Participant: 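Sending over a structure as structure tokens; questions will come in a sec.
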Amino acid sequence: MTAPTGRATGEAGEVTVHRCTVTVVRRGGWSWGPDPRGLVREVIDTLPEMLADHFARQLTGDGPDVEITEPVTVTVRAGRAHAPAEVHFAPVPMVEVPGGTLPDAVPCGESFAEAADPWEVPAPAALFGELAERGELDALLALLPAETLGLYALALLGADDAAAARLLTELARRAGPGAPAGHLPAGAAGDGAAAPPEPLAAYAGPAGREEAARLVRSLTGPYDRTAGEPAPPGGGAAARATGEAHVRSVLPFLLVGPLARIGYLDAVGPALAGAELAGDLPLFAAALAYKALGVTARGWRRGEHDGEAAAAFAGLEPPVPEEGLAAFARAVRPALPVLDGVLALSVCRGHDPADPLLLGGTDDGLLLLDAQGVFPIAWASDTAALLPHWRACGRPPVLVCDGPLPPGCLRELASADVPFLTGVRPLRGDPLVRMPWRTPLWTGAARPLPDPRLAAGLPGHADRFAELVTALVTERRAVPLARDGALERTVTLAAALGLSTIAWTLWRDRETPDPLLALDRFADLEATVRFEPAAVRVRVPMGRRHADLLRGGLLADVPDVPWLGGRALTFSGG
């Protein structure tokens, strides 16, 4: 790969690259588009011009050739359509010049790259702005409770007033005609409001923010976080890990890549920053890790090696404080619907409407899964909260599995014209009809009879649903001391998605993919974790499992991991 010109004319010389590796990382969504290889070709075609421009000063005029013997990393962050890309050149630690020294015009350590700025947790405005660009902001806002809308409306004031106005608009719409419209920003008045709205500029400064907090409380009711409850001490004050650690299970680290691919990892930092909990990101990581580690004995007792692995995954020195986890679970509750919504939207985008969904009761709620691969979609307290996800998936048939369903669940499904099939006996008054099948099965009375193949597949799907609930909900508790189960549900969804992605990637062509396959087959795969200033390096023993993971692309580097202070997570074999 060269950029040919002549030195004799004073023009730039040429750049010769002897070895080049190109990695394209997708953030958000499930599709590479119609021409995946074209993306790589486009990157390769632009590299010569970028290198020539970057090293133009060093390549003009006479002088010895400059040979760079250490790797040069070029990171290109693609912008919106027709927007220029953002290009970064990693610092080059060593430069050799055969037969001489560097010319004065090329001072070592400064000529090739600027010093990187310290990494900071992205603000909520970055997340909501990206969702708005993708056209998914309104869909996410529709999934958020009023408490969460109020939290982020305040967090966005002054940083992204347009997004703040949309959140306040949604709050006012839900409040109805009684909303205090005289204090709402322009365009955010509730239905039937008579007083003229005020602009968002009225909420600038400390006094304006307090007025905005008062407005949010009037729309959402009592709200501790807007009243100034301090964030609990946790991961921000805990000792960060250094040196090297040996973990008995690398599985939590394998979840990071799949979560990064759907944009979930990019949402974690801004979501917690909006709740003033950015310093507790390691505690979120520890809770996530526990879902992929050993069984919690008696509902609260962890294995010694599980605590060490969770601490290493979170970038902390063991042990992870259980009291800190419980306090974090209480404080982070209003921020979690954002993460749940990002996960749900990503799975719904990739669902084929011809494939069924699985629905079942668990832990005082309803869990909705994609039957193909058992990908989790959402976990809600009632049927109505899951209907938007069913619509986003293309209104597919639903298989209702055995389990403790909330009262009226089947009746509400039938009323919403959801095509469902279940072996759960209906209650008196449920508008269901019995199917002609060898075992008792029911469906909605107002719907045509489902495809008989769904009836044949229902027992197998129900078994996988029950096994997933037992393994990830009953047997493994992320925060056993927490009074509220919101964080438990959020990390269960995230861990299940990561495990499902691993199983789907590796085994979908030879057996039915199931997240528990990944949990069983990689639970005892050990690793060595080394903490460095710019990266956290995970070394996995060579063997069949390492080869499978490498072949499936599951050992790709993951940049900007939020709970690791923005460091990259890299994998190697050895």
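What's counted below: heavy atoms across the whole structure, side chains too, no hydrogens, waters or symmetry copies. On a predicted model such as this, the values are computed, not experimentally measured, just so you know.
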Participant: Please enumerate all residues that pass salt bridge (Lys or Arg N to Asp or Glu O under 4.0 Å) together with Asp352, with sequence neighbours excluded.
Facilitator: none
Participant: Could you note down all residue pairs passing salt bridge (charged side-chain N to carboxylate O under 4.0 Å, His left out) where residues 331-342 supplies at least one of them, sequence neighbours left out?
Facilitator: Glu147-Arg333
Participant: In terms of side-chain geometry, is the basic nitrogen of Arg174 or Glu170 positioned less than 4.0 Å from the acidic oxygen of its partner?
Facilitator: yes
Participant: The criterion is side-chain contact (heavy atoms from CB on, under 4.5 Å); which residues satisfy it with Pro406, sequence neighbours excluded?
Facilitator: Leu366, Cys409
Participant: Do Trp442 and Leu410 touch side chain to side chain, with heavy atoms closer than 4.5 Å?
Facilitator: no
Participant: How long is the span from the CG atom in Leu131 to the CG atom in Asp138, to the nearest 0.5 Å?
Facilitator: 10.5 Å
Participant: By side chain to side chain donor-acceptor pair (under 3.5 Å), which residues pair with Asp370, not counting sequence neighbours?
Facilitator: His351
Participant: Quick one: which residue pairs count as a side chain to side chain donor-acceptor pair (under 3.5 Å) with a foot in residues 378-395, not counting sequence neighbours?
Facilitator: Thr383-Glu412
Participant: State the OG1-CZ distance between Thr362 and Arg489, to the nearest 0.5 angstrom.
Facilitator: 10.0 Å
Participant: Rounded to the nearest 0.5 Å, what separates atom NZ in Lys291 from atom CG in Leu519?
Facilitator: 11.0 Å
Participant: Would you find more than 12 non-hydrogen atoms of other residues, nucleotides or ligands less than 6.0 Å from Glu120 atom CD?
Facilitator: no
Participant: How long is the straight-line distance from CG of Leu359 back to OG1 of Thr422, given to the nearest 0.5 Å?
Facilitator: 8.5 Å
Participant: Go through the structure and list residues passing side-chain contact (heavy atoms from CB on, under 4.5 Å) with Ala380, not counting sequence neighbours.
Facilitator: Ala385, Leu386
Participant: Sequence neighbours left out, what passes salt bridge (Lys or Arg N to Asp or Glu O under 4.0 Å) with Glu322? Give chain and number order.
Facilitator: Arg302
Participant: State the OG1-CG distance between Thr501 and Leu554, to the nearest 0.5 angstrom.
Facilitator: 8.5 Å
Participant: Name all residues meeting the salt bridge (Lys or Arg N to Asp or Glu O under 4.0 Å) criterion together with Arg464; count only those two or more places apart in sequence or in a different chain, and write none if there are none.
Facilitator: none
Participant: If the condition is side chain to side chain donor-acceptor pair (under 3.5 Å), which residues does Ser500 pass it with, not counting sequence neighbours?
Facilitator: none
Participant: List the residues meeting ring pair (Phe, Tyr, Trp, His ring centres under 6.0 Å) with Phe128, not counting sequence neighbours, and say none if there are none.
Facilitator: Tyr152
Participant: So, using ring pair (Phe, Tyr, Trp, His ring centres under 6.0 Å) as the criterion, who are the partners of Phe253 when residues are at least two apart?
Facilitator: Phe313
Participant: The criterion is salt bridge (Lys or Arg N to Asp or Glu O under 4.0 Å); which residues satisfy it with Arg411, sequence neighbours excluded?
Facilitator: Asp430
Participant: Side chains of Leu499 and Leu251: does their closest heavy-atom pair fall under 4.5 Å?
Facilitator: yes
Participant: Return the CG to CD distance between Leu141 and Glu136, rounded to the nearest 0.5 Å.
Facilitator: 11.5 Å
Participant: Report the C-alpha distance between Leu272 and Phe284 in whole Å, list the side-chain angles of each, state the deciding distance to 0.1 Å, and finish with yes or no for side-chain contact (heavy atoms from CB on, under 4.5 Å).
Facilitator: CA-CA 9 Å; Leu272 267 65; Phe284 178 86; 4.2 Å; yes
